[in-house]
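In what follows, chains carry the letters A, B, and so on, assigned in the order in which the sequence lines appear, proteins first and then strands, with residues in each chain numbered from 1.
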Protein chains: 2
Amino acid sequence: MSLPHAILTALLEKPSSGLELTRRFDKSIGYFWSATHQQIYRELGKLEGEGLIRTLPAQQPARGQKKSYEVLPAGRAELARWTAAPQDPRALRDPLLLRLRAAAVVGTAGLADDLRRHLELHRRQLAEYRQIEQRDFPPDRDAPEDRLRHLVLRAGIDLETFWTRWLTDALAEFAGPPDAD
Amino acid sequence: MSLPHAILTALLEKPSSGLELTRRFDKSIGYFWSATHQQIYRELGKLEGEGLIRTLPAQQPARGQKKSYEVLPAGRAELARWTAAPQDPRALRDPLLLRLRAAAVVGTAGLADDLRRHLELHRRQLAEYRQIEQRDFPPDRDAPEDRLRHLVLRAGIDLETFWTRWLTDALAEFAGPPDAD
DNA sequence: AGCGGTTGTGCAACTAGTTGCATAAAGCGT
DNA sequence: ACGCTTTATGCAACTAGTTGCACAACCGCT
């Protein structure tokens, strides 16, 4: 139930066409709620049908022609409602942890390489987040709503930090003590 | 593509019926890969059809009667293959972060209560993990495959620690500076 | 003018996961 | 022997997300 609200948020930040949204979902909002262009186009149609958004006037185009959307008052209200509504925290669900658990049963052969690759990817993501932090959230001025966005970015940074540390530990476990038996 | 492998891992650790698996998925493996009994029954049928598991002999029961499964050599091989195969890290996807981002646009009214609730839930989960750690992984002896399982549990502990800290920060953000405008 | 890449929108079919319900057997109290 | 609860398996229908492809318009090149 999150995708429509992700789109509403993105559209409130700036009215956009489907493709523009898709691009923006490749960064920013997409960092913690990714979506394909397919999902986005479908959801835009649905939201329009529900009267939460509308195409910017001065256009009624067909295929292959740009179509920009903006949020209607009903859409903003729905987003506010959703934001305030209680929701259960999402359960942790990670295939990598599952793989480690499986490796405890069938052995760790061939795993270390992929862990190293993951480590590298998480390091890169972390570096990207830090760069965004420096660019968008300089230490001094901090508008009230920027503080919230900064908080979200900090979550991303801390999570990537966790993964790099954890993967480093895991690899040490593999390389370090191959004795013990 | 993870559920079948989660089931294979669980069955290798101990042959079980569908219901027993469901219960075990409410803890242990389910802590990082949850599944409903529906998914499990369906997947068991599929895995049996593919010759990766079989019902324990001495039973050919119907509805309402227990049916236990064990992993066949082909199943173990498939699990080993999957464990060693490279996989991309799963993208972060969390509705709570989305909500904070939405709140930056439509306001934080009504949010703090639910954040407090989340904080409490994460604290509880953390306490539960720590208890399991004490029970199952005493500081001295550590069998080779227990080290891997311990590593996975540490990931859970660190992630819950992250969430409790982050939620505490977020709440401080709400309560602390209601000035600024 | 015509070809080829890029931009932009979208359908169809699939996989994964969830929810609600049906059904059967076994244990237990009376 | 009867009904009630618990244990156990499963079907059907749904929502969410992914993948592969089609198609139209536009832009630039030659």
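Taking side-chain N and O atoms only, B/Lys67 has a distance below 4.0 Å to OP1 or OP2 of D/dG10.
In this structure, the CZ atom of A/Phe25 is 11 Å from the P atom of D/dG17, given to the nearest Å. Counting to the nearest Å, the C1' atom of C/dT18 and the CG atom of A/Asp88 are 15 Å from each other. To the nearest angstrom, P of D/dT9 lies 9 Å from CG of B/Leu44. Here C/dG17 presents its P atom at 6 Å from CG of B/Leu3, a figure rounded to the nearest Å. Computed from coordinates, the A/Ile40 CD1 to D/dT18 P distance equals 11 Å when rounded to whole Å. Put simply, OH on B/Tyr41 is 3 Å from P on D/dT9, counting in whole angstrom units. Spacing between atom CD of A/Glu43 and atom P of C/dT9 amounts to 16 Å, rounded to whole angstrom units.
For residues 95-128 of chain A, every residue pair satisfying the ring pair (Phe, Tyr, Trp, His ring centres under 6.0 Å) rule, not counting sequence neighbours, is listed here: A/His122-A/Trp163.
Remark: B/Asp146 pairs with B/Arg149 by the salt bridge (Lys or Arg N to Asp or Glu O under 4.0 Å) rule, at least two apart or across chains. Every residue was checked against the salt bridge (Lys or Arg N to Asp or Glu O under 4.0 Å) condition with B/Glu145, not counting sequence neighbours, and none meets it. Applying the salt bridge (Lys or Arg N to Asp or Glu O under 4.0 Å) test to A/Glu43 and every residue at least two apart in sequence or in another chain returns nothing. Residues satisfying the salt bridge (Lys or Arg N to Asp or Glu O under 4.0 Å) test with B/Arg117, not counting sequence neighbours, are A/Asp88, B/Asp114. For B/Arg124, the side chain to side chain contact (heavy atoms under 4.5 Å, CB included) partners are B/Glu120, not counting sequence neighbours.
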Quick one: side chains of residues 26-34 of chain B, donor-acceptor pairs under 3.5 Å with protein atoms, not counting sequence neighbours, listed by atom name and distance.
unit_1: B/Ser28; atom_1: OG; unit_2: A/Arg101; atom_2: NH2; d: 2.8
unit_1: B/Tyr31; atom_1: OH; unit_2: B/Glu128; atom_2: OE2; d: 2.4

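Ion pairing of A/Arg54 with A/Glu70 is present here, as a side-chain N (NZ or NE/NH1/NH2) and a carboxylate O approach within less than 4.0 Å.
Nearest nucleotide to the side chain of B/Thr36, out of D/dA8, C/dG10, C/dT19: C/dT19.
Remark: nothing in residues 4-22 of chain B comes within less than 4.0 Å of DNA chain C through any heavy atom.
For the pair A/Leu97 and A/Asp94, the minimum side-chain heavy-atom distance is below 4.5 Å.
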Give me, pair by pair, the N or O atoms of the protein and of nucleotides 12-16 of chain D that are less than 3.5 Å apart, along with how far apart they are.
none

